[in-house]
Peer 1: 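Here it is, the structure, as structure tokens.
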Amino acid sequence: MMNTVTLRNLKNSLITVSMVCATVAVLVPLGLIFFHIMKMGASSINLDFFIHIPKPTGETGGGMANGMVGSALLIALASTIGIPVGVFGALYLVEFGGSRASNAIRFAADVLAGVPSIITGMVAYTLLVVPMKGFSALAGAVALALIMVPIVLRTTEEQLKMVPGSLREASLALGVPLWRTCLKVTLRSATKGVMTGILLSIARVAGETAPLLFTALGNQFWSHKLTEPIAAMPLQIFNFAIAPYEDWHRLAWAGALVLVTVMFALSLTARYLGRSKQQS
Amino acid sequence: MSNHTGDLTISQPPGCTENTVTNETPPAPIASTKGLNADLVFKGVTAAFAFSILVILALMALEMVKESLPTIKAFGWEFINSSDWNPVQDTFGALPYIWGSVVSSILALALATPLSVGTALFITEIAPRKFGGVVASLVELLAAIPSVIYGLWGVLVMAPWLQQTVQPFLIEHFGFLPFFQGAPYGVSMLAAVFILMIMVIPIITSITKEVLLAVPQSQREAAIALGATRWEMIRMAVLPYGRSGILGAVILGLGRAIGETMAVTMVIGNTPQISLSLLSPAYTMPSVIANEFAETTSKLHASALMEIGLILLAVTLVINVMARLLLWGMTRQAAGGAK
Amino acid sequence: MNPKVKIDKLNVHFGQTHAVKDVSIDVPENTVTAIIGPSGCGKSTMLRSLNRMHDLFPSARVTGKVLLDGGDIYDRKVDPVSIRRRVGMVFQKPNPFPAMSIYDNVVAGYKLNGRVKKSDADEIVETSLRRVALWDEVKDRLKNNSMELSGGQQQRLCIARTIAVQPEVILMDEPASALDPISTLKIEELIEELAEKYTIIIVTHNMQQAARVSDYTAFFYMGDLIEWGETKKLFTTPEKKQTEDYITGRFG
């Protein structure tokens, strides 16, 4: 009797140890990736990186200035398209949607969120690049917007649902029309939560590469026209990483450091907003 | 009736108000219609945005089908059964890409699942609460890293390491197995499997963690009170209660792995061949799209890539629906069990 | 006669809260001891320290002694797993394992000690279910899911699961509070029968229940043991004013 208990305790300890090992095995690659981004990125980054565009093949130096501006432009444009769709769509779900329509839309949003981003790129290609007869920043932004929409919609809906019904009713009882109540009361009291969702969706698309491959395409030079191919940081990191030049690898690491820093800043801000909301 | 602005009635003396309401019915409806109109417009606008998601999804599926029709007509089932991919001669068989996608995803999942479930169990059942929270946050950080950066690390750090240490070791000691034959290239199926494993771990871990947290404490107490050790409690009460949710998490991870593009493209070697050896380069469905779609040589070539995309879309749709249903069933069970 | 369970100056702290204060009780073998008191008086916390359930929550700190047949269960050398095998527990809400059949639920704890012969398991299931008077109700659907049973049946299943591991002491934490009156009655009858073979300690907020089923009663208030003794005596001639106030319904 005592023997089996010892045996069982031994088994328990062994399995506990193996779970600790699993956790370590999961965290080690994470640590390594951070270590390499920090080490390689920090040794590669300099002022030139932020103010110059890439040098032609074979020359050393240069930076990703055009990629950073291009990415900012793409994200701004994608947000202009994607955020209203997500936020207003969520308002519809919360305020008007019948259960069947709402469920269909929720389901579609979840499905859309699961579609591989490269497919989103292909669709943007056939819907925009082909008719417009050329790769363009606009097509890239639309592809990114398609990725943002389900994220913004679902997080916004969750936040709006948490606004107490009494608040809405108080506003409606004062004779404020429904549309004003939605915008001024419901949406405003959920501002922090909605911002969290928006920041998370931006963090998500800031690093997206696949949907830009055949929409924004990338550009070696400066470009600000929406109808022309535009440079983007993730595309530059991709191209430089697979190129056989040491100096381009250096640029790729520097780009990775910048991108990861920006994305963590975004997620931390989102977390901070989310947390401060919980406390209030 | 609650929506009219009511300015008129309020500014008038009480007697007049009564008159307006009883004798002159038209003004009141007009006032309320005005309010209703703005609300109707608002409803219309939000509805348009909401339903645009359905339209987008439908349009997506429709476009993919339409653009794939040329190859569907030209090759039929042969498309997924043939290994002959030759854009110059306009013959297209997608088998190597399907093979690459299936093998890399399944192997990655086979490695990731025990690690993820182990980590999730560590977070929820073993670690002190605060420490578990820290580990969970770190794992979520892992999920936030963009795919292209995994690829960068994979091709510049991991692949050379595999080439110099892991693969020679495998060849020397396990070279008699068909899985470890050939030269050590670094970029290979093995590299893709590893990078995919690292990428799906955060997804499976964080969903499994949520699932485990949904297991009622009373279930754990029941097992402990019967004299179970912690592991026996996990095996007896925690895992069976969460099994459909965990399965959902794993399937969601599979969906992510199959659709993953950049990181795999950067480390798999992009060679369309069907080889049992994990050391040889391979190719996946998203990778061939990423590499060839911007520079197609013919209408049929574009269509072939579209059909690969269509297969990918169909597979990920099925996977996502399955995972959602399983996770949904889990939350329903948790809600029912709490009664 | 030595008590089966001797609680000696037991204290339980949850962080800053002193939930159980310096409690000492003797529990004789094959008797039913009821623990009564207003909610939040520490009676459940006390009960859970008798089979070291608090080990699950690192925030709980237990000091003092709990002697089972003279041996301290909090002794450093004692394995909590073997203690919980000797001291079983039935909870407030029925908590059968939903993924298991009725049969598997009964043998769940029994199977932990290694491989079990099919015939042995069958026997254990039948005797355990008979003892809780559930056998006739479920004998034709032993392989069905345990969740299709009613609440009262589920609770009796949980008791069967507990006695299947043949414990010496059974702790019951308000076992009938989530049940309807008829199921409650069945559980109470069951407790009396079980006392022939086991030592039972039951927490209840229902004084009539305590009066009906127990031989001894302990009255708790704000973490303090106010009074304990024979049930008949405590309910008819309580020594302390607080006890009298409580059993006559003047507070709590």
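Order of the sequence lines sets the chain letters (A, B, ...), proteins ahead of strands, with each chain counted from 1.
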Peer 1: Counting heavy-atom pairs under 4.5 Å with chain A, which one of V321(B), L121(B), L59(B), L156(B) comes out on top?
Peer 2: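 Sorted descending by pairs with chain A, the first entry is L156(B).
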Peer 1: Can you tell me which portion of I37(A) sits under 4.5 Å from chain B's heavy atoms? Options are side chain, backbone, both or neither.
Peer 2: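 The answer is the side chain of I37(A).
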Peer 1: Which region of L32(A), side chain (C-beta onward) or backbone (N, CA, C, O), has a non-hydrogen atom less than 4.5 Å from a non-hydrogen atom of chain B, or is it both or neither?
Peer 2: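 Answer is both: backbone and side chain atoms of L32(A) are under 4.5 Å from chain B.
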Peer 1: Given a strict heavy-atom distance threshold of 4.5 Å, which part of M263(A) is in contact with chain B: side chain, backbone, both, or neither?
Peer 2: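 Side chain of M263(A) only, per the 4.5 Å heavy-atom cut-off to chain B.
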Peer 1: For L27(A), is it the side chain, the backbone, both, or neither that has a heavy atom closer than 4.5 Å to a heavy atom of chain B?
Peer 2: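 It is the side chain, since no backbone atom gets that close.
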Peer 1: Can you confirm whether the side chains of T126(A) and E67(B) place a donor and an acceptor under 3.5 Å from each other?
Peer 2: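 Per modelled atom types, T126(A) and E67(B) side chains form no pair under 3.5 Å.
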Peer 1: Is it the backbone or the side chain of R235(B) that comes under 4.5 Å from a heavy atom of chain A, or both, or neither?
Peer 2: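 The answer is the side chain of R235(B).
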Peer 1: Among L54(B), L142(B), N320(B), which residue has the highest count of heavy-atom pairs closer than 4.5 Å to chain A?
Peer 2: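 The residue among L54(B), L142(B), N320(B) with the greatest pair count is L142(B).
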Peer 1: Within the distance-only criterion (no hydrogens, no angle test), does the side chain of T261(B) pair as donor or acceptor with the backbone N or O of I118(A) below 3.5 angstrom?
Peer 2: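 Here the side-chain-to-backbone pair does not exist.
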Peer 1: I126(B), V155(B), I201(B): which one forms the most heavy-atom pairs within less than 4.5 Å of chain A?
Peer 2: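 The residue among I126(B), V155(B), I201(B) with the greatest pair count is I126(B).
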Peer 1: When you measure from the side chain of S101(B) to the backbone N and O of M285(B), does any donor-acceptor pair fall under 3.5 Å?
Peer 2: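 Yes, the answer is positive, given that a donor and an acceptor are paired below the 3.5 Å cut-off.
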Peer 1: Do side-chain atoms of Q236(A) reach the backbone of F238(A) as a donor and acceptor pair under 3.5 angstrom?
Peer 2: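 It does not hold such a pair.
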Peer 1: Where on L183(A) is there a heavy atom nearer than 4.5 Å to chain B: the side chain, the backbone, both, or neither?
Peer 2: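 For L183(A), the side chain is the part near chain B, not the backbone.
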Peer 1: Evaluate the ring planes of F96(A) and Y92(A), with Trp represented by its six-membered ring, and classify them as parallel (under 30°), tilted (30 to 60°) or perpendicular (over 60°).
Peer 2: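 Ring orientation, 0 to 90° scale: tilted.
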Peer 1: So what's closer than 4.5 Å to chain A heavy atoms on R324(B): side chain, backbone, both or neither?
Peer 2: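 Side chain only.
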Peer 1: Return yes when atom CZ of F131(B) has more than 12 non-hydrogen atoms of other residues, nucleotides or ligands closer than 6.0 Å, and no otherwise.
Peer 2: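 At most 12 heavy atoms, drawn from other residues, nucleotides or ligands, come within 6.0 Å of this atom.
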Peer 1: Please state whether the side chain, the backbone, both or neither of L115(B) comes within less than 4.5 Å of a heavy atom of chain A.
Peer 2: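 Both the backbone and the side chain of L115(B) come within 4.5 Å of chain A.
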Peer 1: So which part of M197(B) gets closer than 4.5 Å to some heavy atom of chain A, the side chain, the backbone, both or neither?
Peer 2: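 Contact with chain A: none, neither part.
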Peer 1: Side chain, backbone, both or neither: which part of T120(A) has an atom under 4.5 Å from a heavy atom of chain B?
Peer 2: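 Interface part for T120(A): both.
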Peer 1: Are side-chain N/O atoms of E140(B) and S137(B) paired as donor and acceptor at under 3.5 Å?
Peer 2: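 No, S137(B) and E140(B) have no side-chain donor paired with an acceptor closer than 3.5 Å.
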Peer 1: Keeping the roles fixed (side chain from S68(B), backbone from M64(B)), state whether a donor-acceptor pair exists under 3.5 Å.
Peer 2: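 Pair found, side chain donor or acceptor close to backbone of M64(B).
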Peer 1: Would you check, one step at a time, whether the test side chain to side chain contact (heavy atoms under 4.5 Å, CB included) holds for R250(A) with E246(A)?
Peer 2: CA-CA 6 Å; R250(A) 193 182 61 76; E246(A) 280 288 320; over 6 Å; no
Peer 1: Do E232(B) side-chain atoms and T229(B) backbone N/O form a donor-acceptor pair below 3.5 Å?
Peer 2: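 Answer holds: yes.
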Peer 1: Given that the side chain runs from C-beta out, which part of L14(A) has a heavy atom under 4.5 Å from chain B: side chain, backbone, both or neither?
Peer 2: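 For L14(A), there is no contact with chain B at all, as no heavy atom is under 4.5 Å.
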Peer 1: For I242(A), is it the side chain, the backbone, both, or neither that has a heavy atom closer than 4.5 Å to a heavy atom of chain B?
Peer 2: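 Just the side chain, heavy atoms under 4.5 Å.
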Peer 1: Which residue out of L112(A), V24(A), I237(A) racks up the most heavy-atom pairs below 4.5 Å with chain B?
Peer 2: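 Highest number of pairs under 4.5 Å: L112(A).
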Peer 1: If I measure from the heavy atoms of chain B, does V149(A) come under 4.5 Å with its side chain, its backbone, both, or neither?
Peer 2: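 Just its side chain gets close to chain B.
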Peer 1: Are any of the side-chain nitrogens in E208(A) or R204(A) under 4.0 Å away from the carboxylate oxygens of its partner?
Peer 2: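 Looking at E208(A) and R204(A), the cut-off is met.
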Peer 1: Which bit of F240(A) is near chain B, if near means a heavy-atom gap under 4.5 Å: side chain, backbone, both or neither?
Peer 2: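 Neither part; nothing is under 4.5 Å.
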Peer 1: Between L153(A), V260(A), L127(A), L200(A), which shows the greatest number of heavy-atom pairs under 4.5 Å with chain B?
Peer 2: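 Greatest number of close heavy-atom pairs with chain B: L127(A).
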Peer 1: Side chain, backbone, both or neither: which part of I56(B) has a non-hydrogen atom closer than 4.5 Å to chain A?
Peer 2: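 Just its side chain gets close to chain A.
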Peer 1: In terms of side-chain geometry, is the basic nitrogen of K66(B) or E63(B) positioned less than 4.0 Å from the acidic oxygen of its partner?
Peer 2: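 Answer for the salt bridge query: yes.
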Peer 1: Quick one: which of D110(A), L91(A), V115(A) has the most heavy-atom pairs under 4.5 Å with chain B, could you say?
Peer 2: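 It is D110(A).
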Peer 1: When rounded to the nearest 0.5 angstrom, what is the spacing between CG in L257(A) and OG in S44(A)?
Peer 2: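 If I round to the nearest 0.5 Å, the distance is 8.5 Å.
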Peer 1: Non-hydrogen atoms of chain A under 4.5 Å away: do they reach the side chain of Y150(B), the backbone, both or neither?
Peer 2: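 When you check distances to chain A, only side chain atoms of Y150(B) fall under 4.5 Å.
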Peer 1: Chain B heavy atoms under 4.5 Å from A203(A): which part of the residue, side chain, backbone, both or neither?
Peer 2: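 A203(A) has no heavy atom closer than 4.5 Å to chain B.
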Peer 1: Heavy-atom distance under 4.5 Å to chain B: side chain of I15(A), backbone, both or neither?
Peer 2: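 For I15(A), side-chain heavy atoms alone lie under 4.5 Å from chain B.
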Peer 1: Looking at L312(B), V135(B), L310(B), which has the largest count of heavy-atom pairs under 4.5 Å with chain A?
Peer 2: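 Highest number of pairs under 4.5 Å: L312(B).
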Peer 1: For L146(A), which atoms come within 4.5 Å of any heavy atom of chain B: side chain, backbone, both, or neither?
Peer 2: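 Contact with chain B involves the side chain of L146(A) alone.
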Peer 1: What is the distance from atom CG of L152(B) to atom NE2 of H36(A), rounded to the nearest 0.5 Å?
Peer 2: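 Rounded to the nearest 0.5 Å, the CG-NE2 separation comes to 10.5 Å.
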Peer 1: If you count heavy-atom pairs under 4.5 Å with chain A, which of V139(B), I123(B), V45(B), L138(B) comes out on top?
Peer 2: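 Option with the top pair count is L138(B).
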Peer 1: Does the side chain of R106(A) pick up a donor-acceptor pair with the side chain of N103(A) at under 3.5 Å?
Peer 2: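 Yes, side-chain donor-acceptor contact under 3.5 Å.
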Peer 1: I'd like to know which of P202(B), S52(B), G118(B), A112(B) tops the heavy-atom pair count under 4.5 Å against chain A.
Peer 2: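 Of the options given, most contacts go to G118(B).
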Peer 1: Using a 6.0 Å cut-off, check whether atom CZ of R180(A) has over 12 heavy atoms from anything other than its own residue.
Peer 2: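 No, CZ of R180(A) has 12 or fewer neighbouring heavy atoms, counting only those of other groups under 6.0 Å.
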